[in-house]
*Asks:* 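Sharing a structure with you now.
Proteins come first, then strands; the chains are lettered A, B, ... in the order of their sequence lines, and each starts at number 1.
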There are 2 protein chains.
Amino acid sequence: MTARKPADAAAGTQAGGREIPEATVARLPEYLRALTSLAEQGISVCSSEELAGAVNVNSAKLRKDLSYLGSYGTRGVGYDVDYLRYQIAREIGLTQDWPVAIVGIGNLGHALANYSGFGTRGFRVAALLDAAPERCEESVGGIPVRSFDDLDAVLAETPVAIGVIATPAGAAQGVADRLVGAGITSILNFAPTNLVVPAGVSVRKVDLSVELQILAYHEQRRAGAEELRGAAIAAAGEEQSA
Amino acid sequence: MTARKPADAAAGTQAGGREIPEATVARLPEYLRALTSLAEQGISVCSSEELAGAVNVNSAKLRKDLSYLGSYGTRGVGYDVDYLRYQIAREIGLTQDWPVAIVGIGNLGHALANYSGFGTRGFRVAALLDAAPERCEESVGGIPVRSFDDLDAVLAETPVAIGVIATPAGAAQGVADRLVGAGITSILNFAPTNLVVPAGVSVRKVDLSVELQILAYHEQRRAGAEELRGAAIAAAGEEQSA
DNA sequence: TAGATTGTTAATCGATTAACAATC
DNA sequence: TAGATTGTTAATCGATTAACAATC
């Protein structure tokens with residue numbers, strides 16, 4: 001499908017294809033979701049304006065983002081929903097299978113293992129690991145919980161592409177070290193610690209407490225602004241009466 | 001403590017204090033965590049270099065970030081850990097109480113309700129809501145699960161500053177509308193939907209599937225690069241033999 | 001051909017970082 | 001005073017966006 005253009009091969013980009021900016025990469029999954037939703041509604045063609053509206057971004061930004069992947073629209077017409085969807089999925093790598101291992105089967109790990117969104121797109125829970133599997137239920141969603149000590153044995157049986165860390169903060173770095181040691185190069189970290197990993201390993205962090213703090217900052221700011229407006233009105237009143 | 005300097009009051013910033021860039025706001029919680037960790041280790045003074053190292057950022061960036069808050073370091077010496085910690089906490093708004101309501105007490109909502117990181121810092125689970133509370137356990141961590149239909153009654157009893165949406169995607173927008181209608185202006189959304197909210201309402205989104213897709217992209221890219229390197233070596237070999 | 005919409009250019013904006021004067 | 005380190009400046013980099021030529 002869609003043979004790589006000679007121009008791309010000749011371009012002075014790094015090995016592996018065109019450079020896609022990080023900000024764009026982070027938006028591709030959003031576009032994909034919106035396209036899937038459009039397809040479900042039976043819509044087969046959409047303009048950049050429509051798709052951008054669904055994702056809440058500027059249409060120029062959307063077009064620029066898509067231009068990094070190639071030229072998959074038709075001027076004067078728009079984008080074929082299914083075709084664009086396939087191209088984005090291919091670019092992200094969702095046309096292949098991504099087995100995931102979850103480490104730490106506490107409340108969160110349990111929730112993640114049951115998360116239905118996991119199943120969609122190439123992602124698949126392939127292994128569940130815990131330091132003390134005897135404390136967990138024996139299996140979650142049909143996947144047995146194995147001891148983290150048996151990591152190498154488990155990975156020998158079941159290849160894993162992405163490790164998800166759902167342990168307490170104190171255990172996270174040790175788990176990351178062992179995952180990296182076992183050859184895993186993509187980690188999603190739910191523990192509130194900054195993992196240190198060698199170059200060539202990707203880590204993404206999801207941190208509830210950071211998100212709440214960012215919300216708190218803005219909330220406080222709004223409250224403060226109200227107070228100040230009140231104070232300004234009061235001060236204006238004082239000036240009047242002075 | 002630390003009276004607002006006249007210069008600040010006179011500065012042409014918007015109501016509510018100095019403008020802090022979004023990128024900086026997102027890092028303040030990280031600095032706070034690192035400072036707490038230093039304090040626990042009994043360290044009372046640190047340089048920007050040391051603190052930056054702990055958070056894995058450039059020390060110039062750290063100093064610039066802190067400069068938005070004020071001038072809390074000592075040239076030639078560094079930062080007083082406790083003092084800086086207090087100043088950042090105050091700036092974020094963590095010196096006050098932030099009651100949180102969690103909506104959707106499924107696997108994820110359950111995990112969030114039990115999340116210990118919640119308790120630390122002013123955050124506190126104040127209410128748990130579910131469309132069908134009879135399907136949930138009666139209470140989680142001592143907080144009863146109430147019907148989302150009773151939202152207004154619950155909020156009348158217990159003030160809530162931040163709403164956390166942990167419902168399925170399909171229900172999220174409706175829940176957001178009702179939260180906003182009830183006067184909540186900060187929402188943390190775990191459902192994979194882009195919420196539409198009026199101006200003046202903050203929404204942060206946590207999306208497992210997006211994070212996994214970003215990891216997949218980079219993982220695929222690394223694999224592709226390896227292949228290309230292999231191909232290049234093979235091609236070079238062919239040229240040799242040709 | 002006329003209308004619509006992409007893909008791209010160039011201007012703008014915001015974030016990062018090196019360098020250093022200020023100052024403890 | 002000499003050494004250390006902050007706070008700030010200015011250069012650089014990357015991301016956003018308006019505008020429009022290309023083209024269906």
*Asks:* Just how far, in rounded Å, is P of dA4(D) from OH of Tyr79(B)?
*Replies:*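 So the OH-P distance, Tyr79(B) to dA4(D), works out to 18 Å.
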*Asks:* As a test of reading the structure: which of dT17(C), dA22(D), dA15(D) is closest to the side chain of Ala23(A), going by heavy atoms?
*Replies:*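 Out of dT17(C), dA22(D), dA15(D), the nucleotide with an atom closest to Ala23(A)'s side chain is dA15(D).
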*Asks:* OP1 or OP2 of dT5(D) less than 4.0 angstrom from a side-chain nitrogen or oxygen of Tyr72(B), does that happen here?
*Replies:* no
*Asks:* Given that both distances must come in under 3.5 Å, which nucleotide forms a Watson-Crick or G-U wobble pair with dT17(D)?
*Replies:* dA10(C)
*Asks:* Across all strands, who's sitting opposite dT5(C) as a Watson-Crick or G-U wobble pair, both distances under 3.5 Å?
*Replies:* dA22(D)
*Asks:* Regarding Arg27(B) and Glu30(B), does a basic nitrogen lie under 4.0 Å from an acidic carboxylate oxygen?
*Replies:* no
*Asks:* Pick from Val103(B), Val203(B), Ile162(B): which one makes a side-chain contact (heavy atoms from CB on, under 4.5 Å) with Ile187(B)?
*Replies:*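 So the option named by the test is Val203(B).
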*Asks:* Taking CD from Glu19(A) and P from dC13(D), how many angstroms apart are they, rounded to a whole number?
*Replies:* 15 Å
*Asks:* Hey, which of these two, Ala60(A) or Gly76(A), hits DNA chain D nearer its 5' end, going by closest nucleotide?
*Replies:*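 Nearest nucleotide further toward 5': that of Ala60(A).
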*Asks:* Distance check needed: dT16(C) P versus Leu62(B) CG, whole Å only.
*Replies:* 12 Å
*Asks:* For the side chain of Trp98(A) and the backbone of Gly93(A), is there at least one donor-acceptor N/O pair under 3.5 Å apart?
*Replies:* yes
*Asks:* State whether Thr74(A) places a side-chain N or O below 4.0 Å from either non-bridging phosphate oxygen (OP1 or OP2) of dC24(D).
*Replies:*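 False: Thr74(A) side-chain N/O out of range (4.0 Å or more) of dC24(D) OP1/OP2.
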*Asks:* Which of these nucleotides, dT17(C), dA15(D), dT6(D), is closest to any side-chain atom of Arg63(B)?
*Replies:*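 When the side chain of Arg63(B) is considered, dT6(D) is the closest of dT17(C), dA15(D), dT6(D).
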*Asks:* Can any side-chain N or O of Thr74(A) pair as donor or acceptor with the backbone N or O of Val77(A) at less than 3.5 Å?
*Replies:* no
*Asks:* Please step through ring pair (Phe, Tyr, Trp, His ring centres under 6.0 Å) for the pair Tyr72(A) and Tyr79(A), ending with a clear verdict.
*Replies:* CA-CA 7 Å; Tyr72(A) 298 131; Tyr79(A) 300 92; 8.9 Å; no
*Asks:* How many whole angstroms separate atom CD of Glu49(A) from atom P of dT6(C)?
*Replies:*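 Interatomic distance, CD of Glu49(A) to P of dT6(C): 8 Å.
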*Asks:* Taking CD from Gln87(B) and C1' from dG7(D), how many angstroms apart are they, rounded to a whole number?
*Replies:* 16 Å
*Asks:* Using only atom types and a distance under 3.5 Å, with no angle test, would you say the side chain of Gln173(A) pairs donor to acceptor with the backbone of Val196(A)?
*Replies:*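 Yes, because the side chain of Gln173(A) sits within donor-acceptor range (under 3.5 Å) of the backbone of Val196(A).
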*Asks:* Rounded to whole angstrom units, what separation is found between the CG atom of Leu66(A) and the P atom of dT16(D)?
*Replies:*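 Going from Leu66(A) (CG) to dT16(D) (P), I get 14 Å.
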*Asks:* Let me know the distance between CZ of Arg75(B) and P of dC20(C), rounded to the nearest Å.
*Replies:* 16 Å
*Asks:* Heavy atoms under 4.0 Å, any strand shown: does Glu22(B) hit a base, just sugar-phosphate, or nothing?
*Replies:*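 Touches sugar-phosphate only.
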*Asks:* If only side-chain N and O atoms of Ser48(B) are considered, is one of them under 4.0 Å from the OP1 or OP2 phosphate oxygen of dT5(D)?
*Replies:* no
*Asks:* Out of dT8(C), dT8(D), dT6(D), which has the shortest distance to the side chain of Lys64(B)?
*Replies:*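 Ranking dT8(C), dT8(D), dT6(D) by closest atom to the Lys64(B) side chain puts dT8(D) first.
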*Asks:* What is the distance, rounded to the nearest whole Å, between atom CG of Asp65(B) and atom C1' of dG7(D)?
*Replies:* 13 Å
*Asks:* Reckon Tyr68(B) has a side-chain N or O less than 4.0 Å from the OP1 or OP2 of dG14(C)?
*Replies:* no
*Asks:* Between dG7(D), dA15(D), dT17(C), which one does the side chain of Lys61(B) approach most closely?
*Replies:* dT17(C)
*Asks:* Taking for each residue the nucleotide of DNA chain C with the nearest heavy atom, is it Val77(A) or Asn58(B) whose nucleotide lies nearer the 5' end?
*Replies:*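 Result of the comparison: Val77(A).
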